[in-house]
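Input: a single structure, listed below in structure tokens.
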Amino acid sequence: MGQVWIDDTTLRDGEQTAGVVFANSEKVRLAQLLTEIGVPQIEVGIPAMGGDELEAIKEIVALDLPTSILAWNRAVISDLEASISTGVQAVAVSISASDIHIEHKLRRDRAWVLESIKRSVDFAKSRGLYVSLNAEDASRAEMEFLLEFALAGKEYGADRLRFCDTLGILDPFQSYERVKTIIEQTGLAVEMHTHDDFGLATANALAGVRAGAAYVNVTVNGLGERAGNAALEEVVMALKCIMGQDLGIHTSRLRELSEYVARAAGRPLSVSKAIVGDNVFAHESGIHADGVLKDPRNYEAFAPESVGMTRQLVIGKHSGSTMVKFKFQEFGITLSDEAADQILARVRRMAVQVKRSLFDKELMYIYQDYQRGNGQHA
Ligand code: MN
């Protein structure tokens, strides 16, 4: 595997999520945040939409950020002219590669698709733009035509092919095979654009990287159409911790980034969201909490600080006496084994009654009740 780059599309495919709209000020802020975190390319939107979308893109370009700003286009000259008017240096030129899309969406034929690729890529390159040729619905494209598609782009100077698993229907093994074939047969750099309809977006992106893809298109929190896209925080951390590819992203700001996007999109972060959810570093069950107290590496895949989070040791129905002792030690109270056992019994009873874990204050009430029951006073 060579160097891998991410290209964030929260502002384009992320905002295409049904019901999500970013204010222009949020688009600008998010572009700044992504740049600060070290994202080398940001897909900022669709200039051909005009209106606020066009204004937001111009505002982002005017910031002159030290990152590549890319705009999305259909393989149409007028779309590219709109992109050029914003001053972006990079464009995605998108057109369908599968027969089902060509016949039932575009209502054209393969020859027309190849002609559109040639015309639009040639035009974009003649204007000095970096060009990502997007093969929409590449998963369902016949491989022979997909290769022709890629080579048509390459012939006119496309810088990479974006392999779009538009419907999220591939498994990682299929992704690996298809991407490997494209790279071997065309020599073109490949970018993965994967969707999460079967919960495989991140896995498919990694499979593409394993096959030689140098770029991964991601969104913060996996925001995106239907079940969403491959999540930036998942791809970055999985590449770093599982595949040993450090992308140079400042991961300690990932939680901050996720919170910002969750708020701006009006899509609260699930507690069990991979990498940045509240529960990722929360431990309650006796065996796990005890293991974490002995050494966090026993039950944590990576350190909470590495993604800007903190560990939470939760006291509840599944807690053990080690945790109870540890928790009271934090309050400055040393419990005997017998006291810890008795308090644990009360903790479990109360947790079942209230159907949740307990707050610190509730633990103190339990402690006070326990003391009164034993005729002791603090
Ligand atoms: Mn998409």
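Not measured: the values here are computed from a predicted model. What you see below is based on every heavy atom in this structure, not just the backbone, and it leaves out hydrogens, waters and symmetry mates. When a ligand or atom number is given, it counts from 1 through the structure's own listing order.
Neighbours of the Mn ion (ligand 1) restricted to protein N, O or S atoms under 2.8 Å: the count is 3.
A salt bridge between Glu233 and Lys273 is present, with a side-chain N of the basic residue lying under 4.0 Å from a carboxylate O of the acidic one. The residues Glu300 and Arg311 are annotated as salt-bridged, a charged nitrogen and a carboxylate oxygen being separated by less than 4.0 angstrom. Under the 4.0 Å criterion applied to side-chain N and carboxylate O atoms, Arg110 and Glu103 are not assigned as salt-bridge partners.
For Glu26, there are no side-chain hydrogen bond (donor to acceptor under 3.5 Å, both in side chains) partners, not counting sequence neighbours.
Across Leu206 and Ala238, no two heavy atoms sit closer than the pair CD1-CB, 3.7 Å.
With a 6.0 Å cutoff to the six-membered ring centre and a 45° limit on the axis angle, Arg346 does not count as a cation-pi contact of Tyr370.
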